[in-house]
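Each chain gets a letter, A, B and so on, in the order the sequences are listed, and its residues count up from 1. On a predicted model such as this, the values are computed, not experimentally measured, just so you know.
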Amino acid sequence: MANELMPLLSLSQAKALVAHLEAQQISAANEIIESAGIAAASEDSMFGKVGELTRELHDTLLSFQNDTRLLDMAGQDIPDAKDRLNYVIEMTDAAANKTMDAVDTCLPIADKLIEDLEAVIPNWQGLMRRELALGEFKILCHQVDDMINESTSRALTLRSSLTDILMAQDFQDLTGQMIRRVILLVQEIESKLVGILTVCHAGSAGLKLNTNKSDVKRDIEAEGPIINAEERDDVVNGQDDVDDLLSSLGF
Amino acid sequence: MNRNMKVLIVDDFSTMRRIIKNLLRDLGFTNTFEADDGNTALPMLKEGDFEFVVTDWNMPIMQGIDLLKEIRKDPKLKNLPVLMVTAEAKREQIIEAAQAGVNGYIVKPFTAGTLKEKLDKVFERLG
């Protein structure tokens, strides 16, 4: 049935055409011919459009097959992004624990300080009021002496714990660099998806492709924190390696 | 070593600038200033009488390595000591920094001890 030949002009249109011609109604007769022609032409243009879309889809699918960047993203960058995000979790975990360890060290020092002060205060106040017996005075002297002796080492512990807390905050910089790289990857995936959508949905032609490629190559590209330094031989593994390398360069 | 010298800390992460600022203060350097990338640092260096720069590598607009190269190119700044404190750990990067004339290179994460040691070394060499 689909192959059945459809006339360009229906029987009723043909009859009307003959009637118009017989009555010398030329313009009315021409209108019938034109309307039939337009219908045929619009059918042609529809098939043309479908053909065009099919070609575009075909080309795009081919270009996706040939786009090695997509393969790289799926095979390398996305697993890499997972590693980076896991590294972020590890770093924030380590920073949180380092900070809490330091707090655990500091709190007993503060408690001990309060306790010692409370023990000294009664005798001290007695001394200030000149109401202290010799025995009590001796006790006070020992208490104060102990406090002085312990305070130095406690203050040093406090100081080093506070420095630990300070240094633990370096995770913000290092994880920030990691997350920025993952954001770049997500943006790239987004632009590829928009590319696919643009092809599959002719109505979304207005969607703009992000052609703003981030892969402007520098001589040596900054890479940010290295997550798998042990597995790579092009990177140093800690400050000692840096020092060795620099001294080998005559530094 | 004049501990009152003017020091510029260049890093795009404010947390890291604060960490370095605090560590420097612990070491007695209190005259510190901050910039968030090479592009903001360079005019500050050209205008101010800075005596020492601590810079990150990976920053937007102007990276630390480019800042270092600009410093070495500038007749007025070329002798300014520059210490790089960065997560960049590729050998070729460290070599590039050395060739560009860096005075010290610290990889993040680092310790307060490392910073002190490298600072001492930089100034010891400068005499």
Side-chain angles (χ1 to χ4, degrees), chain A residues 84 87 90-92 94-95 98-99 156 159-181 184 214 216 218-251, chain B residues 11-27 36-38 56-60 62-66 69 83-118 121-122 125:
Chain A
R84 284 179 193 281
Y87 179 82
E90 279 168 33
M91 287 225 65
T92 48
K98 208 166 160 187
T99 308
L156 286 174
R159 181 157 238 309
S160 102
S161 295
L162 289 172
T163 306
D164 285 347
I165 292 175
L166 177 75
M167 292 307 293
Q169 312 313 312
D170 69 352
F171 81 93
Q172 203 273 333
D173 169 14
L174 298 173
T175 59
Q177 293 190 49
M178 290 283 175
I179 292 173
R180 272 187 189 160
R181 293 185 81 86
L184 277 179
S214 57
V216 188
R218 298 172 45 81
D219 292 353
I220 296 179
E221 204 176 345
E223 193 179 321
I226 309 286
I227 40 180
N228 50 351
E230 299 86 9
E231 296 157 28
R232 288 175 55 169
D233 51 11
D234 63 331
V235 298
V236 294
N237 204 345
Q239 187 63 37
D240 288 344
D241 278 5
V242 178
D243 296 347
D244 289 348
L245 180 60
L246 287 176
S247 67
S248 77
L249 295 167
F251 236 71
Chain B
D11 200 306
D12 53 335
F13 279 90
S14 61
T15 340
M16 186 48 75
R17 291 201 300 271
R18 241 180 108 178
I19 291 176
I20 294 174
K21 195 183 165 84
N22 274 295
L23 292 175
L24 286 175
R25 194 192 50 211
D26 276 0
L27 296 171
D36 58 6
D37 87 304
D56 185 20
W57 180 311
N58 193 6
M59 292 178 290
M62 190 196 275
Q63 306 223 358
I65 187 71
D66 298 323
K69 288 174 183 170
L83 176 66
M84 207 153 226
V85 181
T86 172
E88 300 303 321
K90 279 189 278 195
R91 289 176 194 282
E92 54 174 0
Q93 289 176 307
I94 299 163
I95 294 169
E96 191 190 2
Q99 284 166 346
V102 81
N103 298 76
Y105 199 104
I106 296 178
V107 280
K108 296 175 189 169
F110 64 103
T111 64
T114 306
L115 182 69
K116 183 184 186 320
E117 184 196 323
K118 299 304 162 198
K121 222 168 158 187
V122 167
R125 242 187 262 111

Proximal component of A/Leu166, with respect to chain B [non-hydrogen, under 4.5 Å]: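 Contact with chain B: backbone and side chain both.
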Specify which of A/Asn237, A/Thr163, A/Asp170, A/Asp164 makes the most heavy-atom pairs with chain B at under 4.5 Å.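 The candidate making the most pairs under 4.5 Å is A/Asp170.
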Inter- and intrachain pairs under salt bridge (Lys or Arg N to Asp or Glu O under 4.0 Å), touching residues 99-113 of chain B, at least two apart: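 Checked against salt bridge (Lys or Arg N to Asp or Glu O under 4.0 Å) - neighbours excluded - the pairs reaching residues 99-113 of chain B are A/Asp173-B/Lys108, B/Asp11-B/Lys108, B/Asp56-B/Lys108.
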Filter on salt bridge (Lys or Arg N to Asp or Glu O under 4.0 Å), then keep only pairs touching residues 234-251 of chain A, sequence neighbours left out; what's left?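 Matches after skipping sequence neighbours: A/Arg232-A/Asp234, A/Asp243-B/Lys118.
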Only pairs of heavy atoms separated by less than 4.5 Å count here; which of B/Lys121, B/Glu88, B/Met16 has the most with chain A?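 Answer, by heavy-atom pair count under 4.5 Å with chain A: B/Glu88.
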Flag the one option from B/Thr111, B/Asp26, B/Ile20 with the top tally of heavy-atom pairs under 4.5 Å to chain A.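 Maximum pair count with chain A is reached by B/Asp26.
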Would you find a donor on one side and an acceptor on the other, under 3.5 Å apart, between the side chain of A/Arg84 and the backbone of A/Arg180?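 Absent.
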Could you check whether any side-chain N or O of A/Gln172 sits under 3.5 Å from a backbone N or O of A/Gln169, counting only pairs where one atom can act as donor and the other as acceptor?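 Such a contact is absent between A/Gln172 side chain and A/Gln169 backbone.
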